[in-house]
2 protein chains.
Amino acid sequence: MEEFAAVSGISRPTVSKYFNDPESVRKSTRMRIEQALEQHEYRPNIYAINQNRRLTKSIGLVVPFLVDPFFAEIARNIENLIIATGYRPILLNSQGRSEHEVENLESLRSFRPAGVLIAPLGRESDRSALEAFCEDVPTVLFDSNISNIGHGFVGADNRQYARDIVEYLCRSGEPPCFFEMRTPANPNANKRRQSYLQTMEELGYEPHVISVEGTGWAFEDIGYRQGMAVIEKRLLQTNTVLCSNDRLAIGFLAACFEKGYRVGVGPQNALRVAGMDDHPFARFTCPPLTTVAQNYAAVSSSAVETLLTLLSLGDSEYPARREQLFEGRLVKRMSA
Amino acid sequence: MEEFAAVSGISRPTVSKYFNDPESVRKSTRMRIEQALEQHEYRPNIYAINQNRRLTKSIGLVVPFLVDPFFAEIARNIENLIIATGYRPILLNSQGRSEHEVENLESLRSFRPAGVLIAPLGRESDRSALEAFCEDVPTVLFDSNISNIGHGFVGADNRQYARDIVEYLCRSGEPPCFFEMRTPANPNANKRRQSYLQTMEELGYEPHVISVEGTGWAFEDIGYRQGMAVIEKRLLQTNTVLCSNDRLAIGFLAACFEKGYRVGVGPQNALRVAGMDDHPFARFTCPPLTTVAQNYAAVSSSAVETLLTLLSLGDSEYPARREQLFEGRLVKRMSA
DNA sequence: ATTAAAATTTTACGCGAGTAAACTTTTATT
DNA sequence: AATAAAAGTTTACTCGCGTAAAATTTTAAT
């Protein structure tokens, strides 16, 4: 930087100021610097930069399971938003394991990011580790809420999701059973079940929840295996199944196919199957999956905005923890 | 570190040595340091560390499209291997766009990683940018080969992939048409087509390649839309379709379903459809997709090992660029 | 043209480690 | 026990930049 400052004819501290915020220097000097920049392609050393900055110009982004295209897609959205605001995203994948999640937080600690966006594993998260982290680093949770952890939460309005699709299924055919994992990794599943139960009651139908065994994040496999069992044991009380999420539904559809149950609306079909989330592949299942679409864009931008607001404030003036829930949109396809 | 060295009763340079390689200090001092570590939870500042190291203890990992679970899965494998070797992975997603790929390389430059593993976009990659980068940083390519770029390549033996599945399809039913994108993003597709043509010829069948329009990385969508068109125009010369990859096949299956074509083996079905890669979701399509399984583990570990070998050598003693191709395994499922 | 405000330059120090060199202590070898 | 080799300690310098303070110059306002 010393040498570069010399050739550009500007003092080093001013050049340093320029790289922190090009708008903070006079236009004439800015142009001189940028002119010199074209010829000498100097770039500040990020390690030296961050050594002296309390908080770096980077934002951590932790997702629980990147092989799930749902999270890959939301991570992609958030990454782009972070870049657009001039920060650098640090993407970390917890791979469905609590140890990895904790390691990721430890790793982020040493990166000293300005803030962090995290979609926690949920039930399997190490609550105390998360809590301790959030006290040190401005953190916004998304997708999966953990009560009173972090400085805010942005996610899906699961009650509305389940209500809307249950109402749709009921008025267009037989009322749905609810197919879910008994011990879901993700708290969204519980809210969805509760909302299913409540909506069924309000509509005057008897609810039937089918809670199947299975742990981990291989939801399709669980949906498939347990779907096979459910069909063999004839546990379905009606011809309509609402799966707790699209990935379970994808597995369930595979089980239906193997068992020779035709899925779809209309008298020629044996079953109707629906999911929730509008997984990127839900359009391409056979039949295409009826579901409730997450508002990816709204969740992503709201999470980023919430964090940026925090960053613009001092630690002392943080607002109260707010939970922002976004409604989903019913997407009628051929499966139900 | 000064303070921590004081409380542990060891000199700072020795503590520094310990953090660079715990095995490099005597066992007795190592234990004293680790004992002190438990009480004071000191951790070296990574920015200060990397400021003075020519190459950092991190490895860049660039993938072209993380929303594709195939890449997410291989990235997961590689990340774990990198961590196991004591390096820190820096995961970057090119999101199917050349600009992002170049930005990722620029970003990696400032991180000064010890080495980089990259699956390039392929045809859309900025060849000169990649080439320049590989001259500065030890880089191993995987999945998608670009001739003479990087210090090595690890990927699929596409000729064997196509040969094996074409032979299988031919001996178990009608010879396959080949369904592909006309301008595939990825060079693997070309090799697969060539191998299809050659194998068909060797077996004495007339090849039929159906090259459809479509750019970008939304392969399922292209497979679906163009599959619809292909069916409508009755372009299929036989009842068997080999798709250039599983994601195209997933879209094609959706088109078949919508058009009422039953897919699978046996006389009750109208079409057989197969893919290549063994995409994580290929098991759960309806019907489950017959395909050639990538050897994820072999590709991942071989890529990492190749890079680590480079890192253990000086720049002057780099071996000649080697291309390692791994065979795929034919996976017979119900679709063909 | 004065004057105040804003921007820039000079100077200097600090961040938290890596690392080299010379010296001292501990360990292993004979 | 003598000796060499290995490990550890002291000391001191370096990396590349952030940043504070005081002095100076430029710009804007009156």
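Each chain gets a letter, A, B and so on, in the order the sequences are listed, and its residues count up from 1.
- Distances from the side chain of A:Pro13 to the nucleotides C:dT11, C:dG18, D:dC15 place C:dT11 closest.
- Remark: aromatic rings of A:Phe65 and A:Phe70 are distant, center separation not under 6.0 Å.
- Taking atom NZ of B:Lys57 as the reference point, atom C1' of C:dG18 lies 15 Å away to the nearest angstrom.
- In this structure, B:Ser28 reaches neither bases nor backbone, as no heavy-atom distance under 4.0 Å exists between it and the strands shown.
- The separation between B:Tyr47 atom OH and C:dG16 atom C1' is 13 Å, rounded to whole Å.
- At a threshold of 4.0 Å, the pair A:Arg30-A:Glu34 does not count as salt-bridged, since none of the basic side-chain nitrogens sits closer than that to a carboxylate oxygen.
- Regarding contacts with the backbone of C:dT8, a side-chain N or O of A:Thr29 is found under 4.0 angstrom from either OP1 or OP2.
- Atom pair A:Phe19:CZ and D:dT19:P shows a separation of 15 Å (rounding to whole Å applied).
- For B:Arg97 and B:Glu101, the salt-bridge test fails: no basic side-chain N is under 4.0 Å from an acidic carboxylate O.
- For a distance-only test at 3.5 Å, the side chain of A:Arg12 fails to qualify as a donor-acceptor partner of the base of D:dG16.
- Neither OP1 nor OP2 of D:dT10 sits under 4.0 Å from any side-chain N or O of B:Ser11.
- When the P atom of D:dG18 is taken as reference, atom OH of A:Tyr18 falls 13 Å away, rounded to whole Å.
- Ring pair A:Phe142/A:Phe326: centre-to-centre distance not below 6.0 Å.
- Contact annotation: B:Thr14 side-chain N/O to D:dT9 OP1/OP2 distance is under 4.0 Å.
- When each of B:Ile10 and A:Glu2 is assigned the nucleotide of DNA chain D bearing its nearest heavy atom, the one mapping closer to the 5' terminus is B:Ile10.
- Contact between the side-chain N/O atoms of B:Asn20 and the OP1/OP2 oxygens of C:dG18 is found at a separation under 4.0 Å.
- We find that CZ of A:Arg26 is positioned 11 Å from C1' of C:dT9, with the value rounded to whole Å.
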Worksheet item: Passes salt bridge (charged side-chain N to carboxylate O under 4.0 Å, His left out), B:Glu79 versus B:Arg76? Steps please.
Response: CA-CA 5 Å; B:Glu79 269 195 297; B:Arg76 193 181 67 79; over 6 Å; no
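- Residue contacts shown for B:Tyr42 are limited to sugar-phosphate atoms, with no base heavy atom under 4.0 Å away.
- B:Lys17 has its NZ atom 8 Å from the C1' atom of D:dG8, to the nearest Å.
- A straight line from CG of B:Asn50 to C1' of C:dT19 spans 15 Å, rounded to a whole angstrom.
- Separating the CD atom of A:Gln51 from the P atom of C:dG18 is a distance of 11 Å, rounded to the nearest angstrom.
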